[in-house]
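One structure below.
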Amino acid sequence: MKKILMKFLFVLLIVCITSTAVAVNNTAEEPESTENDQVQNVPLSIEEITSMLESDDAYVRAEGRTSLEDQDKQIIFNLADNSDLLSPVARSELALVLGKIDDQQSEQYLFDFLADKEPKVRMNSAFALKNFRSERTKNALLNALSDENVFVRLNVIWTLGEIELSVSSSAKGNNLQNNKFSLNLGNDRVVQSLCQAMNDDNPLIRAGAAEALGKCEGEGIREALIAGLSDSDKNVRIQAAKSLGNMRGDDVASALTEALSDEDDKVRECAAVSLGLMRETSATEELIDLLSDDDANMRSTAVIVLGQIGDERAEDALILALSDEDPYVRINAVDFLGKTGSQKSLEALVQQLQDSDPYVRQRVMETLTAKGEDSTELLVDALSDENKDVKWYAGDVLVAIGEQSVEQLVNALSDSDTYVRSTAAWALGQISDERASEQLVMTLSDEDDDVRMSSALALGNMGEPAVPHLSIALESDDPDVRKYAAFALLSIGDKSAVSEIKKLFDSEEIHSSDTEDLFLHYNENYYAPFNNAVDEVDKDLLSGLVLALEDLDGTETGDLIKALENEEDDPQVYAKIAGLKNTKVASSENVSMMMKHDAGYIRLSTVLMFGFSKEEKATEALIQSLGKDGDEIRACSAFALGEIEIEEAIIPLTFALKTDDYDRVAGCSAIALGKIGDPQPVDILKVSLDDKNSYVRTCAALALGSIGDESAVPQLISKLSDEDMVVKRNAALALGNIGDTRGVEPLVLSLKNDDDEVRIAASWALGNISDRRAVNELISATDSENEELICISLEALGRIGDEKAISTIDSFLDDSSQDIRICAVNALGNIMDEESTIALVYALGDDSKEVKSRASAYLVERREDSVEALIKGLESDNNNIRINSALLLIEIGDERALEPLLESYSCT
């Protein structure tokens with residue numbers, strides 16, 4: 001009852017004091033406030049604050065502490081005078097508040113609290129005394145070092161360290177104005193006590209003492225901390241290593257170097273950091289060894305420390321650290337090598353542009369950019385690096401370096417590598433230094449379209465300074481120079497260029513197209529499936545020869561096996577194996593002699609030499625070999641006669657097809673007859689379509705397809721139902737090569753075969769026959785996961801040329817596969833229709849150079865029929881479409897395009 005009464009009187013007293021303080025503060029006139037303002041600004045009462053200080057919630061106590069700090073200090077002192085009425089929690093919070101009051105009375109209250117019966121109060125009091133640096137404070141803290149509670153002693157030790165650090169820092173800065181209660185204290189007793197604490201039984205005390213000693217100055221500190229590096233507790237060793245970083249001396253360096261071998265990662269890391277602070281070169285070798293530590297943090301720290309020390313002996317090791325598995329290690333290595341700036345370091349950094357981590361690459365780019373002119377030559381060389389990332393990012397860095405890289409980039413415009421020239425032109429355009437304009441205009445005649453395009457865009461970026469050079473370029477005899485010069489002038493938007501461009505449109509055709517070569521290449525490629533099937537038989541023959549030779553015991557066949565495995569077709573190679581100086585045989589006697597050699601591998605090499613050299617003088621000898629030599633040599637002789645393609649071989653090859661029991665001889669004879677292409681053996685080849693051996697049947701089908709005799713169509717149609725898939729496939733290819741429309745419906749049925757190879761062959765064949773009856777099934781065939789089938793079906797639809805296929809073909813222009821997009825463009829290029837023209841303009845925005853160049857070629861071929869679609873392309877949101885549409889309109893030179901071009905580039 002007495003205690004409750006005392007607390008009531010205490011609160012009443014505080015309330016009265018607070019009321020008086022509030023009354024004093026309210027004597028000054030204040031503006032009127034609204035009722036809401038009064039509600040919001042009512043201060044907490046001391047009773048409410050006291051209640052908050054006693055809360056179990058740390059956040060509430062912190063809020064109460066803040067509210068108390070805002071009170072008049074006399075209120076706080078009155079609270080301290082009656083602290084015995086507060087709970088231990090509230091007293092500990094009050095101690096923290098007192099620590100922030102710069103007053104001797106506060107200091108005294110905290111001394112009293114150091115003797116409080118509650119450890120929490122004593123702990124906070126010790127902590128709060130950090131702001132007081134008087135002799136009294138130091139004595140009180142030193143006495144508290146004997147406190148029975150370890151955490152109280154720990155706070156005392158920490159506070160002593162902070163006081164010594166503060167006094168030392170103030171003395172070094174000759175700034176004593178903040179030391180209100182500080183005299184010339186000295187620190188001998190503090191240091192001595194902290195050194196003694198390094199021998200305490202409790203590791204927490206020893207660790208705290210090690211930390212505090214790092215903030216002090218005085219005798220015995222280094223020795224105590226060096227001894228602490230051997231403490232049984234790792235936390236003591238960690239704090240000792242950290243504190244020694246503030247010391248100097250050979251003994252300190254030696255002890256820290258030895259600590260680099262500590263069993264604990266953190267001890268090693270702290271020892272390394274301290275050596276870095278000391279710039280201690282004697283530890284370089286040991287730090288280099290840490291670059292192979294199992295712990296990534298340790299390796300990263302070692303890199304940083306070696307960078308701080310700056311010993312050139314570490315350069316090679318840090319270059320190796322660029323390949324560390326941890327990105328932070330690599331980033332730190334980049335920083336060090338950038339500071340080194342040696343040629344070796346810069347070369348390593350350029351190669352690091354291929355780093356898989358974007359943050360590492362960014363740091364490398366920033367570092368190389370900061371090196372400026374020192375790195376430009378290496379970066380230009382890197383534009384031709386084998387690694388695409390190195391090439392790509394080197395260009396970005398050169399742009400970031402800016403004017404300092406212009407000279408090197410201008411020189412790179414003459415490089416033999418296309419990518420280097422193109423990137424150099426692009427970079428010069430980004431930098432926009434007019435010194436490069438004349439050389440860039442000269443590059444408009446480059447043999448590569450990408451280089452010309454990059455140069456034109458670069459000149460456009462340079463603006464007005466490039467106009468005089470571009471105006472001269474419009475007079476060039478080279479149509480490509482005129483085209484790109486006109487485009488650059490348009491890009492600049494300079495009105496002075498309008499007259500020059502108009503004159504260009506009024507002149508004769510500026511286009512010099514290689515479209516014809518493109519279509520020739522396309523048509524040759526379209527026949528690849530059939531030709532590949534024939535080549536497949538030839539390769540199968542060579543593979544069979546390898547297996548046969550490997551069964552022989554002997555080393556003399558090794559060179560021949562190697563040549564066959566490499567699919568070598570150089571006759572000189574086989575001549576050398578046969579023991580001949582060259583492939584020229586002077587007389588038939590020499591031929592006969594070589595073909596009668598005792599060693600089978602010599603005869604075989606000779607046959608292959610004759611075949612690949614197409615040596616007609618060897619025909620008779622090869623015919624004799626076809627009739628009486630060993631199995632593989634007979635088959636090889638049939639192959640050689642097919643390569644020579646001489647009519648004299650038709651009858652013996654036909655005979656071999658009819659009578660030879662070895663399937664490879666019969667099959668190779670059939671293929672050889674197909675290569676010769678004479679219709680004489682068609683009947684026997686049709687008979688061979690029913691041979692019991694599937695290999696013979698498949699070769700006979702290809703031979704009939706090569707000869708192209710329409711009389712074989714019914715028999716080939718029947719083979720679309722053969723039990724063997726390869727025979728089905730080759731029958732379909734043969735029908736496509738012959739091109740007879742009787743094969744359309746059977747081939748359409750083959751599009752539904754379960755085997756993709758058969759479907760691909762049927763799709764190709766239908767495209768080659770080009771009959772509209774196949775369109776719907778070919779459209780369905782594009783709904784496949786097989787990329788080759790999609791490509792062949794798209795091109796087949798293009799060759800048929802039916803407009804209803806355009807929407808299907810168009811949909812593949814956004815396919816992820818470049819090959820499919822190319823096939824879609826090829827297909828659209830074959831369909832002369834407004835809708836296909838619009839689709840081709842869309843393809844000008846493709847990221848692939850091959851896709852864009854093919855679309856461009858088809859559009860140029862259509863000339864005036866593509867102008868309207870290209871004019872619309874000038875309004876596209878896709879920059880590639882706009883640029884390429886402008887270039888093609890300039891190339892076509894149609895007057896309808898002049899005003900839209902000028903308007904599009906604001907030249908009117």
Side-chain angles (χ1 to χ4, degrees), residues 241 245 256-257 259-261 265-379 381-382 385-398 400-401:
L256 286 170
T257 302
L260 293 176
S261 302
D265 291 341
K266 190 65 178 177
V267 175
R268 297 201 305 276
E269 184 179 335
C270 292
V273 170
S274 290
L275 286 166
L277 292 172
M278 297 168 63
R279 304 292 192 272
E280 189 54 60
T281 58
S282 65
T284 296
E285 294 298 332
E286 287 79 3
L287 287 165
I288 288 174
D289 290 341
L290 288 179
L291 292 176
S292 56
D293 195 274
D294 291 338
D295 183 69
N297 287 331
M298 187 68 253
R299 298 197 303 275
S300 186
T301 299
V303 172
I304 294 171
V305 171
L306 285 167
Q308 289 175 318
I309 294 173
D311 193 325
E312 62 183 17
R313 290 176 295 167
E315 183 178 20
D316 288 342
L318 288 170
I319 288 174
L320 287 176
L322 289 174
S323 58
D324 192 279
E325 64 183 19
D326 187 86
Y328 294 103
V329 175
R330 302 200 298 275
I331 285 175
N332 290 326
V334 168
D335 290 341
F336 169 82
L337 294 170
K339 293 174 185 175
T340 301
S342 70
Q343 182 77 1
K344 185 191 299 185
S345 291
L346 290 177
E347 288 175 357
L349 287 174
V350 169
Q351 284 303 307
Q352 202 64 22
L353 288 170
Q354 64 185 286
D355 198 285
S356 59
D357 188 280
Y359 296 104
V360 179
R361 284 200 308 273
Q362 183 61 33
R363 187 65 65 88
V364 173
M365 294 172 71
E366 291 169 355
T367 301
L368 289 170
T369 300
K371 302 309 293 183
E373 191 171 1
D374 292 341
S375 63
T376 55
E377 185 174 354
L378 287 172
L379 288 164
D381 290 342
D385 196 273
E386 292 181 358
N387 185 279
K388 63 181 180 63
D389 288 332
V390 172
K391 294 195 292 188
W392 181 272
Y393 293 113
D396 288 342
V397 177
L398 285 164
I401 291 173

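All values below come from the heavy atoms of this structure, side chains included, with hydrogens, waters and symmetry mates left out. These figures come from a predicted structure and were not determined experimentally.
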S345 side chain to G341 main-chain N or O, any donor-acceptor pair under 3.5 Å? no

Checking the side chain of T281 only, and the main-chain atoms of D311 only, is there a donor and an acceptor separated by less than 3.5 Å? no

Euclidean distance, E269 CD relative to N297 CG, rounded to 0.5 Å: 5.5 Å

Closest contact, heavy atoms only, M298 versus D265: SD-O, 4.0 Å

Which pair of non-hydrogen atoms, one from A394 and one from L379, has the smallest distance, and what is that distance? CB-O, 3.7 Å

For L260, the option from V305, L287, D289 that meets side-chain contact (heavy atoms from CB on, under 4.5 Å): L287

Could you go through L320 and L291, starting from their C-alpha distance and side-chain angles, then the distance that decides it, and tell me whether this counts as side-chain contact (heavy atoms from CB on, under 4.5 Å)? CA-CA 9 Å; L320 287 176; L291 292 176; over 6 Å; no

Out of R363, R361, R330, which residue meets the side-chain hydrogen bond (donor to acceptor under 3.5 Å, both in side chains) rule with D355? R330

Report yes if the side chains of D389 and L353 come closer than 4.5 Å at any heavy-atom pair, otherwise no. no

Going by the side-chain contact (heavy atoms from CB on, under 4.5 Å) test, name the single residue among D293, D294, L290 that passes it with R299. D293

Apply side-chain contact (heavy atoms from CB on, under 4.5 Å) to the pair T301 and R268, showing each step before the final yes or no. CA-CA 10 Å; T301 299; R268 297 201 305 276; over 6 Å; no

If every non-hydrogen atom of G276 is compared with every non-hydrogen atom of I309, which pair is closest and at what distance? CA-CG1, 4.2 Å

Between the OG atom in S342 and the CG atom in L337, the distance rounded to the nearest 0.5 Å is 7.5 Å

Spatial distance of atom CD (Q362) from atom OG1 (T367) [nearest 0.5 Å]: 9.5 Å

Spacing of E347 atom CD and L378 atom CG [to the nearest 0.5 Å]: 5.5 Å

Could you verify whether a donor N or O on one side chain and an acceptor N or O on the other, from N332 and S300, lie under 3.5 Å apart? yes

Taking C-beta and beyond as the side chain, do D316 and K344 meet within less than 4.5 Å on heavy atoms? yes

Side chains of Q351 and D385: any donor to acceptor distance under 3.5 Å? yes

Looking at CG of L318 and CD1 of I288, how far apart are the two atoms once the value is rounded to the nearest 0.5 Å? 7.5 Å

Going from CD1 on I319 to CZ on F336, what distance comes out if it is rounded to the nearest 0.5 angstrom? 9.0 Å

Considering all heavy atoms, the nearest A259-A271 contact: CB-CB, 3.8 Å

Minimum heavy-atom distance D326-A296, with the two atoms named: OD1-CB, 3.7 Å

Could you tell me whether the side chain of Q352 and the main chain of L322 form a donor-acceptor pair under 3.5 Å? yes

Side chain to side chain, Q308 and L275, heavy atoms closer than 4.5 Å: no

What closest approach, in Å, do A321 and V329 show between heavy atoms, and which atom pair accounts for it? O-CG1, 4.1 Å

Taking L368 as the fixed residue, which of L398, T376, I401, L349 is the one that meets the side-chain contact (heavy atoms from CB on, under 4.5 Å) rule? L349

